[in-house]
Amino acid sequence: RDAKAAQRAFRQVRARGYAVMHGAYSRQEYRNQISAVGVPILSGGRAVAAMNVLYLKNALSAEAAAGTLVPRLTDCAAQIAAALEDDRAL
């Protein structure tokens, strides 16, 4: 809807290395009880998919989610990307 705002958001995600659920969306859809972190699955340097984890905000802070969930998601995304690359080599 707002291309410039979207581009700013994409730059922030790229710089951070992962995405987070927008606070307004959490408030509107989940009564501010749930948030999420997500990472891209890259193939050839391009995002071909993404994966995310939802978490209860009363169980994890945003910082704890970033510190514990993002590294695991990133590892899993790298494994999926490697499997995709292996399949392409066949």
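FYI, the numbering just counts along the sequence from 1. What you see below is based on every heavy atom in this structure, not just the backbone, and it leaves out hydrogens, waters and symmetry mates.
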What's the separation between atom [atom1] in [X] and atom [atom2] in [Y], rounded to the nearest 0.5 Å?
{"X": "Tyr18", "Y": "Leu73", "atom1": "OH", "atom2": "CG", "result": "11.0 Å"}
{"X": "Arg31", "Y": "Ser26", "atom1": "CZ", "atom2": "OG", "result": "11.0 Å"}
{"X": "Asp75", "Y": "Ile80", "atom1": "CG", "atom2": "CD1", "result": "11.0 Å"}

Work out which heavy atom in [X] is nearest to a heavy atom in [Y]; give both atom names and the distance.
{"X": "Val48", "Y": "Ser43", "value": "CG1-CB, 3.8 Å"}
{"X": "Gly23", "Y": "Asn32", "value": "O-OD1, 4.5 Å"}
{"X": "Ala66", "Y": "Pro71", "value": "O-CD, 3.3 Å"}
{"X": "Cys76", "Y": "Met51", "value": "SG-CE, 3.5 Å"}
{"X": "Asn52", "Y": "Ala36", "value": "ND2-CB, 3.9 Å"}
{"X": "Ala77", "Y": "Val39", "value": "CB-CG2, 3.9 Å"}

Practice task
Kindly give the cluster partners of Leu56, where membership spreads through any ILVMFWY side chain lying under 4.5 Å from a current member.
Solution key: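 Once heavy-atom contacts under 4.5 Å are chained together, Leu56 belongs with Met21, Tyr25, Tyr30, Ile34, Leu54.
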
Practice task
Flag yes if Val13 and Val70 sit in one hydrophobic cluster, no otherwise; membership is Ile, Leu, Val, Met, Phe, Trp, Tyr, and two members link when side-chain heavy atoms are under 4.5 Å apart.
Solution key: no

Exercise for the section: Count the heavy atoms belonging to other residues, nucleotides or ligands that lie under 6.0 Å from CZ of Arg72, then report whether that count exceeds 12. Expected result: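 For Arg72, atom CZ is not crowded (no more than 12 foreign heavy atoms under 6.0 Å).
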
